[in-house]
2 protein chains.
Amino acid sequence: MPTDRGREVLDFLRAYIARHGRAPKLREIARHLEIGSRGTVHRYLRALEAEGLIAIEPARARGVRLRRKAAARPFVLPLLGRIAAGRPIEAVPGADEIDLSEFFVAPNRFVLRVAGDSMVEDGILDGDMVIVEWRETADNGAIVVALIDGQEATLKRLQKNHDGSVTLRAANSTMPPMRYAADRVRVQGVVVGQFRSYR
Amino acid sequence: MPTDRGREVLDFLRAYIARHGRAPKLREIARHLEIGSRGTVHRYLRALEAEGLIAIEPARARGVRLRRKAAARPFVLPLLGRIAAGRPIEAVPGADEIDLSEFFVAPNRFVLRVAGDSMVEDGILDGDMVIVEWRETADNGAIVVALIDGQEATLKRLQKNHDGSVTLRAANSTMPPMRYAADRVRVQGVVVGQFRSYR
DNA sequence: GCTGAATGAGAACAAAAGGAGAACATTACA
DNA sequence: TGTAATGTTCTCCTTTTGTTCTCATTCAGC
């Protein structure tokens, strides 16, 4: 059981690691807790290590790792159920919370803000964010970030044709599908998610 | 686990490759990170290769390849920029990463899975998730979870009328707006976000 | 009073992190 | 083919970081 101050150090470690994905430096911990000396901070870290809450890689910058016992609060929201017009909210059995990090966070992903209405019929509106996984191949029908002639980047549905050519389809009936020779189109990533904020 | 500077090199590699389709030159990395020596940059690349995050084709210009293992940060994804049909990805100045936990997670929020097409014209499709903030009041035009007569829960746009009554509008032209006396409608929450997974 | 735990400051040191630049080999390209 | 650009390998340097000390202060409990 850590002391009061030790617990504050641990709380900050959790918050920092959740936010940045790596441990803070001793100086950052000290500044946040208004401690003037790195030596003092280090004493707390050693105490936390002695209790099995963290592991310290000696002499390494940011060499602190949280152990299972001290795992950060998960990135979850309660999932209340399904909502449909005209009926009460239905509870979803067996799924009472949803881990957003499973949906979104994975290696090699990044976010793009969408400009324009080219995917509006797939529910991707101007200003929405899409989560893209960096990949060079994609399945037929996937929404991809494609680079045409090494210059123009677009968000389109991918269709591979039998003759080897590639058709890129917008989800907007005012925009005709475009067909390209295979070597003109390079897939940069596949859209694996989308989100939007109303604030 | 890369050092601070090594991680910045990796972030730049990811952003550059996603944007240009090929790796940068050492001098480009150096200029972006304000490093004066190519030798220093090369040391970072070798460290990243030793950790299995990238592969280097020896002596080749732009001979860096990202490996799948390249680690992402939990809850934080890089924001590469804006994408629009017919133009390269534009960088967004001053916003190079998005903290999804700040975006979505708050103690008074929950997630609902949407069933049906009542909000399809607002880009909320069947099966999408909406993030709802628990509140009893809402601004005009907000998308709300409303309870009608204490029984039916629906997802609709809210419109407060001058006579005190309330109109709930679906975003679907086949569904007519419905008008209710104020005491029949109770706002349960306001939609603050929406997301979708393509897996 | 006395004691011990908790907390803090700061000095001193070794190692890591970060950088500059020279020198050379190889590649890219007009 | 020849020249500039690029990648690669060094060594030397400064700053930052982690680490280990000692000393001081406060406070609770006996």
Side-chain angles (χ1 to χ4, degrees), chain A residues 1-17 19-67 70 149-151, chain B residues 1-17 19-67 70-71 73 96:
Chain A
M1 184 102 87
T3 66
D4 287 0
R5 219 54 174 134
R7 183 162 290 277
E8 290 181 46
V9 171
L10 184 59
D11 287 343
F12 179 68
L13 283 176
R14 277 200 281 250
Y16 190 102
I17 292 175
R19 190 184 175 87
H20 298 96
R22 54 185 167 171
K25 296 187 276 196
L26 294 196
R27 171 172 296 179
E28 294 175 302
I29 303 172
R31 179 152 34 89
H32 186 263
L33 298 187
E34 293 179 338
I35 295 173
S37 165
R38 285 169 296 153
T40 301
V41 173
H42 190 266
R43 190 207 290 143
Y44 289 116
L45 293 180
R46 235 186 330 178
L48 291 172
E49 189 185 34
E51 299 187 56
L53 294 169
I54 65 172
I56 301 178
E57 220 179 338
R60 284 275 149 73
R62 306 183 187 276
V64 174
R65 198 166 46 80
L66 286 180
R67 312 202 69 159
D149 297 330
Q151 291 199 346
Chain B
M1 180 153 37
T3 66
D4 285 7
R5 229 38 183 142
R7 186 179 288 255
E8 288 180 43
V9 171
L10 183 59
D11 286 344
F12 178 69
L13 283 176
R14 277 202 284 251
Y16 189 102
I17 291 175
R19 199 168 293 155
H20 297 93
R22 55 179 182 173
K25 296 187 280 195
L26 294 195
R27 171 171 295 177
E28 293 177 300
I29 302 172
R31 178 154 35 88
H32 187 263
L33 297 186
E34 293 179 338
I35 295 173
S37 165
R38 284 169 296 152
T40 301
V41 174
H42 191 266
R43 191 210 286 146
Y44 288 118
L45 293 180
R46 234 185 331 176
L48 291 173
E49 189 184 36
E51 298 188 54
L53 296 169
I54 65 172
I56 302 178
E57 222 178 336
R60 284 275 149 72
R62 305 182 188 274
V64 174
R65 200 164 46 79
L66 285 180
R67 310 199 70 162
R73 299 167 231 197
D96 60 348

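Order of the sequence lines sets the chain letters (A, B, ...), proteins ahead of strands, with each chain counted from 1.
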OP1 or OP2 of dG7(D) less than 4.0 angstrom from a side-chain nitrogen or oxygen of His42(B), does that happen here?
no
Side chain to side chain contact (heavy atoms under 4.5 Å, CB included) between Arg14(A) and Asp11(A), intermediate numbers included:
CA-CA 5 Å; Arg14(A) 277 200 281 250; Asp11(A) 287 343; 3.0 Å; yes
Under-4.0 Å salt bridge between Arg7(A) and Asp4(A):
no
Between dA17(C) (P) and Arg22(A) (CZ): distance, integer Å
13 Å
Could you work out, with ring-ring contact (aromatic ring centres under 6.0 Å, His included) as the rule, every residue matching His20(B), not counting sequence neighbours?
Tyr16(B)
Could you work out which one of dA20(C), dA9(C), dT19(D) sits closest to the side chain of Ile35(B)?
dA20(C)
Compare every heavy atom of Tyr44(B) with every heavy atom of Thr3(B), then report the nearest pair and how far apart it is.
OG1-CE2, 4.1 Å
How do Gly39(A) and Gly63(B) order along DNA chain D: which one's closest nucleotide is nearer the 5' end?
Gly63(B)
Strictly below 4.0 Å: does Arg46(B) bring a side-chain N or O up to OP1 or OP2 of dT9(D)?
yes
Do Leu33(B) and Val41(B) come close enough that some side-chain heavy atom pair is under 4.5 Å?
no
Could you state the NZ-C1' distance from Lys25(B) to dT27(C), rounded to the nearest angstrom?
12 Å
If you check every side-chain atom of Leu26(A), which of dT6(D), dA16(C), dT19(D) has the closest atom?
dT19(D)
Every protein N/O within reach of nucleotides 5-7 of chain C N/O, cut-off under 3.5 Å:
| unit_1 | atom_1 | unit_2 | atom_2 | d |
| --- | --- | --- | --- | --- |
| dT7(C) | OP1 | Arg5(A) | N | 3.1 |
| dT7(C) | OP2 | Thr3(A) | OG1 | 2.5 |
| dT7(C) | O5' | Tyr44(A) | OH | 3.2 |

Between dA15(C) atom C1' and Ile56(A) atom CD1, what is the distance in whole Å?
16 Å
Using side chain to side chain contact (heavy atoms under 4.5 Å, CB included), reason through Leu48(B) and Val64(B) one step at a time and then give a plain yes or no.
CA-CA 11 Å; Leu48(B) 291 173; Val64(B) 174; over 6 Å; no
Atom CG of Leu45(A) and atom P of dT19(D) are separated, to the nearest Å, by 8 Å
Between dG18(C) (P) and Glu34(B) (CD): distance, integer Å
15 Å
Arg38(B) CZ - dA25(C) C1' separation (whole Å):
12 Å
For the helix from dG1(C)-dC30(D) to dA30(C)-dT1(D), how many degrees between its two end axes (five pairs per end), to the nearest 10°?
30°
With a 4.5 Å limit on heavy-atom distance, are the side chains of Val9(B) and Leu45(B) in contact?
yes
Check ion pair Arg5(A)-Glu8(A) (N to O, under 4.0 angstrom)
yes
Is the number of heavy atoms from other residues, nucleotides or ligands under 6.0 Å of Arg22(B) CZ greater than 12?
no
Is there a side-chain contact between Arg60(B) and the phosphate of dG7(D), meaning an N or O under 4.0 Å from OP1 or OP2?
no
Rounded distance (Å) that lies between atom P of dA5(D) and atom CZ of Arg62(B):
14 Å
Checking contacts here: which listed nucleotide (dG21(C), dT8(D), dT6(D)) is nearest the side-chain heavy atoms of Ser37(B)?
dG21(C)
